[in-house]
Amino acid sequence: MASSRAPCWVALLLFVALVATANGSELSAGYYEKTCPNVQHVVRSVMASRVAAQPRMAPAVLRLFFHDCFINGCDASVLLDATPFSPGEKDVRPNASLTGYTIIDDIKSALEHDCPATVSCADIIALASRDAVALLGGPTWSVPLGRKDSRFAADPESTKKGLPSPKDDLGELVTMFAELNLDAHDMTALSGAHTVGMANCETYRDRVYGPNGDIDPSFAQTTQQTCQGTSGKAPFDVQTPMRFDNAYYRNLIERRGLLTSDQTLYGGGGLQDNLVEMYSADGEVFASDFAKAMVKMGNIPPPKGMPVEVRLKCSMANY
């Protein structure tokens with residue numbers, strides 16, 4: 001009789017062990033040193049293999065991290081599938097073009113084999129985004145770990161309002177980042193992630209077709225050609241679209257920012273222009289500031305009192 005009840009008790013104890021109410025403890029680079037010492041090697045290996053097969057997955061994973069952290073903190077809520085009781089963040093319009101979920105699933109599966117019920121999906125995204133940048137030739141950094149996964153996705157309206165828009169101006173961007181304890185310096189460095197990857201035509205159509213005084217005419221004309229089809233895309237940086245470098249800032253100075261929210265970082269004078277000019281001239285300074293800003297963004301916690309856990313599967317809450 002006792003043995004027949006054991007599985008229920010095991011499940012209950014596992015549930016209690018996994019569920020918490022906040023990311024209360026300080027994050028630490030050595031968080032998994034004893035419980036899953038191979039975690040970084042596993043993440044790096046899967047990332048290297050998947051990016052070698054599909055290079056576009058590197059900027060995709062980096063984008064996942066941004067979109068996760070900006071909504072209720074870095075809690076992997078963006079990975080949750082919709083349920084009959086809760087819509088998923090991934091289905092909301094600003095997130096509809098996100099990809100890279102299968103890579104996170106592959107990493108999670110490998111880690112569940114090595115270290116069951118130990119490594120959070122939120123930590124996996126943080127590590128994978130760091131490795132994505134490194135695989136594209138960018139900097140690497142020590143990632144503080146110990147995040148937990150939210151049991152619930154944010155509501156659609158909060159998701160829409162919480163993410164930067166391609167049409168935001170400088171004031172709107174500064175305000176939005178400040179609400180997450182990221183200053184204008186952090187915002188300018190983090191925007192440099194647009195040195196890799198591509199954008200859908202709908203996000204830049206108005207900019208390249210409209211009467212726009214802050215865009216290079218030849219760039220506008222060339223980019224218009226990418227909007228001919230229904231699924232047109234253009235690289236943020238035409239010269240080195242898959243290399244993580246400081247070309248993004250040189251493009252801004254030349255009025256070749258793809259999105260309105262890119263170009264708004266330069267041309268108004270003052271400290272903002274100084275930052276763009278500094279990063280355009282010194283790639284090492286940009287790389288260093290980007291790494292620091294990524295750590296700072298990665299420290300954004302979920303709201304206090306939010307139920308969190310270590311999910312066993314990244315796309316759904318436990319039990």
Side-chain angles (χ1 to χ4, degrees), residues 17-18 20-51 58 61-70 72-79 100 103-150 180-183 185-186 189-190 192-193 244 284-302 304 306 308-312 314:
L18 292 180
T21 56
N23 281 356
S25 57
E26 290 292 322
L27 303 182
S28 165
Y31 184 82
Y32 297 109
E33 196 170 289
K34 295 182 179 179
T35 57
C36 194
N38 209 32
V39 58
Q40 305 223 24
H41 173 73
V42 171
V43 175
R44 193 175 301 114
S45 295
V46 175
M47 281 295 296
S49 174
R50 291 296 302 272
V51 171
V61 168
L62 178 58
R63 188 167 176 238
L64 269 181
F65 188 49
F66 277 83
H67 282 239
D68 182 45
C69 290
F70 265 74
N72 284 346
C74 307
D75 62 352
S77 59
V78 74
L79 305 180
I103 294 183
I104 304 301
D105 289 341
D106 287 350
I107 296 171
K108 179 63 173 174
S109 179
L111 289 171
E112 283 300 306
H113 178 271
D114 289 1
C115 320
T118 301
V119 182
S120 69
C121 300
D123 277 344
I124 290 173
I125 301 177
L127 287 168
S129 63
R130 185 270 311 273
D131 293 341
V133 171
L135 287 166
L136 292 169
T140 188
W141 57 90
S142 177
V143 178
L145 300 167
R147 298 167 189 78
K148 296 294 185 291
D149 304 320
S150 170
L180 300 174
N181 197 34
L182 298 168
D183 60 28
H185 201 129
D186 300 320
L190 289 170
F244 197 93
E284 291 186 7
V285 172
F286 159 58
S288 175
D289 284 0
F290 180 83
K292 293 174 185 175
M294 284 288 282
V295 171
K296 190 173 177 180
M297 183 180 72
N299 288 342
I300 301 172
K304 289 184 178 180
M306 175 181 285
V308 293
E309 63 189 1
V310 174
R311 281 188 228 136
L312 302 179
C314 290

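These figures come from a predicted structure and were not determined experimentally.
When all heavy atoms are compared, the tightest approach of L64 to I125 is C-CG2, 4.4 Å. The minimum heavy-atom distance between M306 and S150, with the atom names listed, is SD-OG, 3.4 Å. When all heavy atoms of A193 and L62 are compared, the pair lying nearest together is CB-CD2, 3.9 Å. Shown here for A76 and R311, the closest heavy-atom pair between the two residues is O-NH2, 2.9 Å. Summarising the geometry of R147 relative to C74, their closest heavy-atom pair is CD-O, 3.8 Å, with the distance given to 0.1 Å. Of all heavy-atom pairs between C69 and G298, the closest is SG-CA, 4.4 Å.
Within a 6.0 Å radius of CG in N38, other residues, nucleotides and ligands contribute more than 12 heavy atoms. For E33, the CD atom sits in a loose shell: 12 or fewer heavy atoms of surrounding residues, nucleotides or ligands are nearer than 6.0 Å.
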Dump the intermediate steps for side chain to side chain contact (heavy atoms under 4.5 Å, CB included) on D68 and D75, then the final yes or no.
CA-CA 7 Å; D68 182 45; D75 62 352; 3.3 Å; yes
Evaluate the side chain to side chain contact (heavy atoms under 4.5 Å, CB included) criterion for residues F65 and R130: first the C-alpha distance (whole Å), next the side-chain angles of each, then the deciding distance (0.1 Å), finally the verdict.
CA-CA 10 Å; F65 188 49; R130 185 270 311 273; over 6 Å; no
Could you walk me through whether L111 and C36 pass the side chain to side chain contact (heavy atoms under 4.5 Å, CB included) test, one step at a time?
CA-CA 8 Å; L111 289 171; C36 194; 4.1 Å; yes
For D123 and V43, run side chain to side chain contact (heavy atoms under 4.5 Å, CB included): C-alpha distance rounded to whole Å, both residues' side-chain angles, the deciding distance at 0.1 Å, then the answer.
CA-CA 10 Å; D123 277 344; V43 175; over 6 Å; no
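Using a 4.5 Å cut-off on side-chain heavy atoms (C-beta onward), K296 and L182 make contact. Proximity of P144 to Y31: side-chain heavy atoms (C-beta onward) are nowhere separated by under 4.5 Å. Residues M297 and V295 fail the side-chain proximity criterion, which asks for heavy atoms closer than 4.5 Å. When side chains are defined from C-beta on, V51 does not count as touching D131, because their heavy atoms never get closer than 4.5 Å. Here the side chains of W141 and K292 are not in contact, with every heavy-atom distance at 4.5 Å or above.
Applying the salt bridge (Lys or Arg N to Asp or Glu O under 4.0 Å) rule to D106 yields the partners R50; only residues at least two apart in sequence or on another chain are considered.
The backbone N or O of A117 sits less than 3.5 Å from a side-chain atom of E112, completing a donor-acceptor pair. A donor-acceptor contact shorter than 3.5 Å is absent between the side chain of S49 and the backbone of M47. The backbone N or O of E284 sits nowhere less than 3.5 Å from a side-chain atom of S288 that would complete a donor-acceptor pair.
Here the straight-line distance linking atom CG of D105 with atom CG of L79 works out to 7.5 Å at 0.5 Å rounding. In this structure, CG on L180 lies 4.5 Å from CD1 on I300, to the nearest 0.5 angstrom. Rounded to the nearest 0.5 angstrom, L312 CG and S109 OG are separated by 12.0 Å. L190 CG to D289 CG: the interatomic distance, rounded to the nearest 0.5 Å, is 10.0 Å. Atom CZ of R44 is separated from atom CD of Q40 by 6.0 Å, given to the nearest 0.5 angstrom. Between the CG atom in L135 and the OG1 atom in T140 there is a gap of 9.5 Å [rounded to 0.5 Å].
A side-chain contact (heavy atoms from CB on, under 4.5 Å) with D149 is found for exactly one of S77, C314, P302, S120, namely S120.
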